[in-house]
Amino acid sequence: MRARTTLAAVATLVTTTLVLAACADQDTTTPATAPGELPAVDPYDITGTPSQPDVDLDITRTSMTIGDASVARYLYTVDGDDTVYGAGRPLVVDVGDTVRLTATNDTDTATNIHWHGMSVPNDQDGPEILIEPGASHDYEFVAEKPGTYWYHSHERPVRDQVDEGMYAPLVVRDPADAGYDLDQVLVLDDWLLGENTGDMEVVGDVDTVNGRTGADIAPVTVTGGEIAKLRLLNASTAKTQWLTFPVDVRVTHTDGAPLVEPYVTREVEIAPGERFDVELALFGGEDETLTITNERDNGMTIPLEYTAGGATAAASPFAPPAPTPLDPELLTRAPDVEMTLGDRMSMGSGMAWTINGEVYPETESFDLDLGTTYVMRLRNDGAHAMDHPMHIHGTHFRILTVNGDPVDAEIWKDTVTIRPGSFVDIAITFDKPGTWMAHCHILDHEDGGMMTSINVS
Ligand code: C2O
Ligand code: CU
Ligand code: CU
């Protein structure tokens with residue numbers, strides 16, 4: 001594996017396209033093929049799949065093989081299909097579609113569903129709609145904005161349900177996405193098979209991609225002269241993933257929102273809840289198998305199978321949006337809303353995670369006006385020095401400043417990491433009334449109290 005990464009060093013960036021250079025002593029090992037138990041159809045390769053806005057969603061309890069281990073898990077699946085898709089069955093719809101989804105809870109635990117990142121009417125979003133065992137609930141909403149989203153349980157303890165697999169990707173396709181030769185979802189997670197080594201969070205010891213680890217991970221297959229879109233989603237309840245690519249990739253979307261200025265990189269840090277869409281456009285060279293890896297050696301080795309071809313790089317079908325003018329007053333305005341994130345030992349119940357000194361549901365809530373833009377300051381003042389990826393339901397927000405320094409690029413997010421001792425100011429406008437939650441997406445912290453609500457009217 002090590003030798004392969006050095007090979008990557010010769011890949012050359014040409015404007016926004018990539019040349020994958022040949023290497024004389026290339027490793028010709030082919031990656032292990034998937035064992036027979038894996039589904040024949042890869043539901044995470046969504047290239048050209050039809051929109052499926054009418055869905056019967058089953059919430060089930062089953063087991064899954066990870067490496068040699070069998071783990072009990074929840075699974076979101078559709079239309080009675082009992083195939084264990086390792087990261088749940090992706091929902092794929094086209095922008096503008098009306099999603100009509102009936103969710104049936106076939107487990108013995110009450111649950112609910114939140115459409116993470118989606119702008120849906122408040123009464124169609126899940127945190128307050130409990131689905132008891134054996135019960136069903138109908139949801140209906142329009143997929144207003146294209147992007148990579150996901151849906152997951154929001155029933156506390158959220159950590160337990162999401163950690164055991166109550167999640168799946170939700171992709172709202174843009175017409176331009178049809179221009180990709182490959183459109184693939186990569187759901188990153190970590191499963192705990194041994195002892196918990198996390199300090200105050202449960203961190204898994206086996207890293208998975210679409211529910212598979214190590215040699216079972218399905219390769220990303222790219223052909224020279226073509227262009228691929230990878231939709232990266234971190235479904236982990238606590239672990240940030242630091243992905244390293246062996247070639248340059250171009251980031252086009254953050255949390256489903258298109259970037260005005262896409263950027264080229266080889267490293268992507270993905271906090272729990274976040275999504276990054278990246279493009280790969282290679283050409284020339286020779287056949288190679290490279291690997292995409294994370295920062296530790298716990299199974300996250302994604303083969304990147306390159307088939308040589310193409311005299312030139314494919315053009316990206318992605319058209320960045322026009323910049324949204326930023327009212328400069330927002331950069332100097334004192335925050336309208338402040339959330340200071342903290343922690344403290346609480347009597348008897350371990351760690352308390354706080355917003356403005358209180359634990360949910362005692363946290364201060366905020367009343368905001370529909371359609372008004374607010375400056376919100378998220379400050380990490382915790383004694384336990386760790387990141388808090390803060391997530392807000394119901395809308396995207398724009399990053400204004402980090403520690404008071406303006407952010408040059410226009411970046412819209414629904415989840416933003418606040419580093420220890422730092423603060424981030426965001427501009428946020430709600431266009432749908434109702435009560436929207438805001439919380440840390442390290443779900444141990446959310447369950448431990450770092451959550452509040454924003455009442456929009
Ligand atoms: Cu993805 Cu309130 O969560
Ligand atoms: Cu959410
Ligand atoms: Cu946190």
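Indexing begins at 1, ligand by ligand and atom by atom, following the structure's order.
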Query raised in the report: N/O/S of His154 less than 2.8 Å from atom 1 (Cu) of ligand 1?
Result: no
Report task. Return yes when at least one N/O/S atom of His391 is nearer than 2.8 Å to the Cu ion (ligand 2), and no when none is. Result -> yes
Report task. Could you confirm whether His154 has any N/O/S atom lying under 2.8 Å from the Cu ion (ligand 2)? Result -> no
**Report entry** Donor-acceptor pair between Asp381 and Thr340 side chains, under 3.5 angstrom
**Finding:** no
Query - Test: Lys229 and Asp277 ion pair at under 4.0 Å - result: yes
Query - Check ion pair Arg89-Asp81 (N to O, under 4.0 angstrom) - result: yes
**Report entry** atom 1 (Cu) of ligand 1 - closest N/O/S atom in His116
**Finding:** ND1
Requested in this report: To the nearest 10 degrees, could you say what angle the Cu ion (ligand 3) makes with ND1 of His445 and ND1 of His388?
Outcome: 100°
Report task. State whether His393 contributes an N/O/S atom found under 2.8 Å from atom 1 (Cu) of ligand 1. Result -> no
Query - Short N/O/S contact of His152 with atom 1 (Cu) of ligand 1 (below 2.8 Å) - result: yes
**Report entry** Matching residue for Asp414 among His116, His441, His393 - test: side-chain hydrogen bond (donor to acceptor under 3.5 Å, both in side chains)
**Finding:** His116
**Report entry** Presence of salt bridge, Asp97 and Arg173, under 4.0 angstrom
**Finding:** no
Report task. Please say which of Met351, Met386, Arg159 ends up in a side chain to side chain contact (heavy atoms under 4.5 Å, CB included) with Glu201. Result -> Met386
